[in-house]
There are 2 protein chains.
Amino acid sequence: MTNPTGHEIAEALGLLLRRSTRAGLHAQLTEGLGEAVDELTYPVLSGLARTGPCSAADLGREVGLDRTTVTRRADRLEEAGLLRREADPGDRRATLLVLTDAGQGVVRTTRERLAARIEDSLASWPAADARAFARLLRVFVDEGPFHA
Amino acid sequence: MTNPTGHEIAEALGLLLRRSTRAGLHAQLTEGLGEAVDELTYPVLSGLARTGPCSAADLGREVGLDRTTVTRRADRLEEAGLLRREADPGDRRATLLVLTDAGQGVVRTTRERLAARIEDSLASWPAADARAFARLLRVFVDEGPFHA
DNA sequence: CGGAAAAGCGTGTCCGACGCACGCTAAAGT
DNA sequence: ACTTTAGCGTGCGTCGGACACGCTTTTCCG
């Protein structure tokens, strides 16, 4: 083998993927944030946080789900008060999905919990390593093998 | 903010997760490897490659699936000749799931394709960066925030 | 040593999620 | 003005996942 780096990274990524999709992790990150926030609805919520107000169809393209699936999940989130539907002022057919303050809070809390968890595990690292890792990971993701 | 590293890494990981679960990626990596290998059955196959011969229940714990779900997916893989069932010599109730040569080939091919893809994207990196990234990623995964 | 309890497996069955198809309303095109 | 297209919600068919049951074998204990 001339260069084992590819295999090393592939193995680590596989492990990372498996760990991060373990059921327990999501439950920990969203604990106490309401029954409506689960593995299914959270991607819709956080996708909406990324895109800003948009239609169910656009959000579906963003998160890789069918339009109708987004609608159904949005129903639950709306009932829980985490998002609301607004009429698009420019198009009277369209309905915009908009995060409520509560919904933004859920996303922010979840993200901060994850970030804190990551920082905890990096606490024992040399500062230079932590910075280097953050930088290299960012580059890897942006122009990486999953066709950016 | 005293240290933005946690948020930076969290955001990059989120992006990585979304990209890597995009439907197209798995299709590319397993192209031409048979109809039986899809997003559902591959985790069983690769899990079995990690554990070696084991029972459906043990494999279920490994990959985070119910015992019966593993059985059903193993049925498809067995029909395709990628794994076989063997009687456990030490326990006549137990059935061991064992990869066939074809099954090992599928796992190996998929892994090599992924590794090659990763190496391609790293080709333009300084060699020191690539080595550092592989090392740091490994440490991050091993003793990282997802309760190693 | 023998019977009860437990472990292992496969399958029948229910439940939930997903996506297609339909019908409706509104916008755009001709 | 009429047709075509875009957007949305909802009723259904389909599929995957987990629980519950029955069977066999092993283990435990009296």
Side-chain angles (χ1 to χ4, degrees), chain A residues 18 21-24 26-27 30 35-48 51-80 82-99, chain B residues 18 21-24 26-27 30 35-48 51-80 82-99:
Chain A
R18 270 177 273 137
T21 54
R22 274 284 184 274
H26 191 277
T30 61
E35 193 67 28
V37 181
D38 58 16
E39 293 87 351
L40 296 177
T41 54
Y42 185 74
V44 171
L45 206 64
S46 81
L48 192 55
T51 63
C54 74
S55 72
D58 288 341
L59 187 52
R61 276 182 283 273
E62 166 69 21
V63 298
L65 291 173
D66 188 83
R67 172 181 66 83
T68 62
T69 301
V70 173
T71 296
R72 300 266 159 72
R73 295 185 184 183
D75 289 344
R76 283 192 255 171
L77 293 168
E78 185 178 28
E79 193 174 11
L82 300 177
L83 66 79
R84 64 175 183 275
R85 289 180 159 92
E86 285 186 7
D88 187 330
D91 186 338
R92 288 170 38 186
R93 300 169 295 183
T95 308
L96 294 177
L97 302 176
V98 187
L99 281 187
Chain B
R18 271 175 274 139
T21 55
R22 275 286 183 275
H26 190 276
T30 60
E35 194 66 29
V37 181
D38 57 16
E39 293 87 350
L40 297 177
T41 54
Y42 184 75
V44 171
L45 206 63
S46 80
L48 192 56
T51 63
C54 75
S55 72
D58 289 340
L59 187 51
R61 275 181 284 272
E62 166 70 21
V63 298
L65 292 173
D66 188 83
R67 171 180 66 82
T68 61
T69 301
V70 173
T71 296
R72 298 260 159 73
R73 296 185 183 182
D75 288 343
R76 282 191 257 169
L77 292 168
E78 184 178 28
E79 193 175 9
L82 300 177
L83 66 79
R84 64 176 182 275
R85 289 179 159 92
E86 285 186 6
D88 186 330
D91 186 339
R92 287 171 39 187
R93 301 169 295 182
T95 308
L96 293 178
L97 302 176
V98 187
L99 280 186

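Each chain gets a letter, A, B and so on, in the order its sequence line appears, and its residues count up from 1.
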>> Walk along nucleotides 22-30 of chain C from 5' to 3' and tag each nucleotide B, S or - by protein heavy-atom contact under 4.0 Å, base first, then sugar-phosphate.
In response: ----BS---

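For A:R61, the salt bridge (charged side-chain N to carboxylate O under 4.0 Å, His left out) partners two or more places apart in sequence, or in a different chain, are A:D58. Partners of B:R18 under the salt bridge (charged side-chain N to carboxylate O under 4.0 Å, His left out) rule, at least two apart in sequence or in another chain, do not exist in this structure.
Rounded to an integer number of Å, the gap from CG of B:D66 to C1' of D:dG16 is 12 Å. As a whole-Å value, the separation of A:L65 CG from D:dC8 C1' is 17 Å. In this structure, B:L59 places its CG atom 16 Å from C1' of C:dG10, rounding to the nearest Å. When rounded to the nearest whole Å, the span between CD of A:E86 and P of D:dG7 equals 19 Å. Following rounding to the nearest Å, B:R76 (CZ) and D:dC15 (C1') show an atom-to-atom distance of 10 Å. Separating the CG atom of A:D75 from the C1' atom of D:dT10 is a distance of 10 Å, rounded to the nearest angstrom. Whole-Å rounding puts the A:L96 CG to D:dC8 C1' distance at 12 Å. Atom CG in B:D88 sits about 12 Å away from atom C1' in D:dT25, given to the nearest Å.
Remark: B:R85 is in phosphate contact with C:dG10, judged by side-chain N or O atoms under 4.0 Å from OP1 or OP2. Residue A:T69 places none of its side-chain N or O atoms closer than 4.0 Å to OP1 or OP2 of C:dA17. Taking 4.0 angstrom as the limit, A:T95 places none of its side-chain polar atoms (N or O) nearer than this to OP1 or OP2 of D:dG7. For C:dG10, the OP1/OP2 oxygens have a side-chain nitrogen or oxygen of B:T71 closer than 4.0 Å.
When all heavy atoms are compared, the tightest approach of B:R84 to B:L99 is NH1-O, 3.9 Å. Between A:R76 and A:A36, the closest heavy-atom pair is O-CB, 4.1 Å. Minimum interatomic distance between B:T51 and B:E62 (heavy atoms only, all atoms of both residues): CG2-CG, 3.7 Å. Taking both residues in full, the closest heavy atoms of A:A56 and A:T71 are given as CB-OG1, 3.9 Å, listed atom of the first, atom of the second, then distance.
A:T68 comes within contact range of at least one nucleobase, with a heavy-atom separation under 4.0 Å.
Contact check for A:L82 versus A:T41: no side-chain heavy atoms found under the 4.5 Å cut-off.
Closest-nucleotide positions on DNA chain C for B:C54 and B:R72 were compared, and the one nearer the 5' end corresponds to B:C54.
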